[in-house]
Amino acid sequence: MRIATWNVNSLKARLPRVEEWLGYARPDVLCLQETKLSDAAFPHMAFSVLGYESVHHGEGQWNGVAILSRVGIDNVVEGFAKPVDPDPDSRVLTALCSGVVVSSVYVPNGRSLDSDHYQYKLSWLGRLRDHLDILSGPDELVAVCGDFNIAPADIDVWDPKAFVGSTHVSAEERTALGSLESWGLADAFRMLYPGDRLYSYWDYRAGDFHEHRGMRIDLVLVSRRLAQGLKWGLVDRNARKGKLPSDHAPVFVDVEPART
DNA sequence: ATGGTCGAGTATCGA
């Protein structure tokens, strides 16, 4: 089972690139973030002709998350599961795809350490853990995929010195991510490439992509039972090249869920 | 050393 995640930075602007990528990467499940679409504007038909069912949780203009699947989509939950404090933004969507509880998440950016938005980010990560507790458990098949806006370790940023005092690398953010890991989730891509400086996001400015000034902030977190069947994975840097790319590349992992 | 770019919407803000 190939599970992928991609922050597309506007699905309206990115639809041709997503269609192209689905055509050759053929993920079983693709989680999208930053669709920047209303639910009414979501292009379900474009994906159904490629063999994918799709669900979307969006508000237009900002945020917006989706799940595409060619192995079924059931039990769809938009936002946090009740009774978790609701999120005013469209940042999480959860569904059951072929026995796997899949969440597509767009974690708040945080903006700066002294910002209210940073406190919102920390609170949001705590609520995500509560959400998972309600909908599933660490002994189930769970994949939480998305733009976490957190570099898990210093190896995940091009120059740790350049990020001192910034969001994405603070101890509090990494602790909040660690809380998800202690719930029972593992960073699947890092398991495959324990020591490699591989990134998933590069700023559009200043030629950052070609200069390898990136960050690995797009993660696929998997529960133990999925991690046991982890086979392979990639960041598809080709999708960050060429005409009208997102500033993020898609990340995917191949897993063979263990039978119970 | 500094500023660089996109996408939203159509002036700026968010990333």
Side-chain angles (χ1 to χ4, degrees), chain A residues 5-21 30-43 46 56-66 79 87-93 104-125 128 145-152 156-170 172-174 176-177 199-219 235-251:
Chain A
T5 184
W6 196 1
N7 179 325
V8 292
N9 185 20
S10 167
L11 185 57
K12 184 181 172 192
R14 218 65 61 210
L15 184 58
R17 297 296 303 255
V18 176
E19 291 173 314
E20 175 192 28
W21 194 75
L30 172 60
C31 296
L32 300 176
Q33 301 86 38
E34 279 205 270
T35 62
K36 299 184 179 178
L37 294 177
S38 66
D39 288 336
F42 189 84
H56 181 249
H57 176 47
E59 63 201 68
Q61 187 164 13
W62 290 304
N63 310 310
V65 284
D87 184 4
D89 294 353
S90 302
R91 295 183 177 275
V92 55
L93 181 64
S104 179
V105 302
Y106 176 46
V107 177
N109 174 287
R111 297 181 190 161
S112 65
L113 299 186
D114 59 1
S115 162
D116 288 345
H117 203 257
Y118 178 70
Q119 296 305 320
Y120 166 54
K121 179 179 195 173
L122 295 174
S123 144
W124 198 95
L125 288 160
L128 177 60
C145 315
D147 177 358
F148 281 76
N149 273 312
I150 299 172
D156 298 306
V157 297
W158 61 277
D159 180 8
K161 292 192 296 296
F163 287 88
V164 173
S166 300
T167 59
H168 295 62
V169 300
S170 73
E172 284 173 301
E173 287 162 272
R174 287 174 171 171
L177 182 60
Y199 309 131
S200 64
Y201 160 81
W202 303 260
D203 198 299
Y204 284 123
R205 294 171 287 186
D208 277 7
F209 178 67
H210 294 98
E211 299 294 335
H212 300 288
R213 288 190 293 263
M215 309 175 78
R216 192 177 68 92
I217 57 177
D218 299 276
L219 309 177
V235 177
D236 185 7
R237 298 179 75 264
N238 286 322
R240 181 64 179 75
K241 304 174 186 176
K243 190 179 284 186
L244 292 177
S246 171
D247 43 3
H248 297 249
V251 177

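Quick note on labels: first sequence line is chain A, next is B, and so on, each numbered from 1.
With sequence neighbours left out, Asp159(A) forms a side chain to side chain contact (heavy atoms under 4.5 Å, CB included) with Lys161(A), Ala162(A). With sequence neighbours left out, the salt bridge (Lys or Arg N to Asp or Glu O under 4.0 Å) criterion links Arg14(A) to no other residue. Looking at residues two or more places apart in sequence or on another chain, you find a side-chain hydrogen bond (donor to acceptor under 3.5 Å, both in side chains) between Trp124(A) and Asp87(A). For Gln61(A), the side chain to side chain contact (heavy atoms under 4.5 Å, CB included) criterion is met by no residue, not counting sequence neighbours. Listed by chain and residue number, Asn238(A) satisfy the side-chain hydrogen bond (donor to acceptor under 3.5 Å, both in side chains) test with Lys241(A) (two or more places apart in sequence, or in another chain). Checked against side-chain hydrogen bond (donor to acceptor under 3.5 Å, both in side chains), Arg111(A) has no partners two or more places apart in sequence or in another chain. Here Tyr106(A) pairs with Glu34(A) under the side-chain hydrogen bond (donor to acceptor under 3.5 Å, both in side chains) rule; sequence neighbours left out.
For dG4(B), the O4'-C1' to base torsion is within 90° of 0; the nucleotide is therefore syn.
For the P atoms, the distance linking dG3(B) with dG7(B) amounts to 23 Å, nearest Å. Nucleotides dG9(B) and dG4(B), compared at atom C1', are 22 Å apart to the nearest Å. Here the separation of dC6(B) from dT2(B), taken at their P atoms, is 23 Å to the nearest Å.
Near-neighbour residues of DNA chain B inside residues 199-211 of chain A, defined by a heavy atom below 4.0 Å, number-ordered: Tyr204(A), Arg205(A), Ala206(A).
Residue order along DNA chain B, read from the 5' end via each residue's closest nucleotide, puts Asn9(A) first among Asn9(A) and Asp247(A). Place Gly60(A) and Asn149(A) on DNA chain B by their nearest nucleotides, and Gly60(A) ends up nearer the 5' end.
Within the nucleic acid shown, Arg14(A) comes within 4.0 Å of sugar-phosphate atoms alone, with no base atom in reach, counting heavy atoms only.
Around CH2 of Trp62(A), the count of heavy atoms belonging to other residues, nucleotides or ligands within 6.0 Å does not exceed 12.
Read 5' to 3', the first and last nucleotides of DNA chain B with an atom closer than 4.0 Å to a heavy atom of chain A are dG4(B) to dA15(B).
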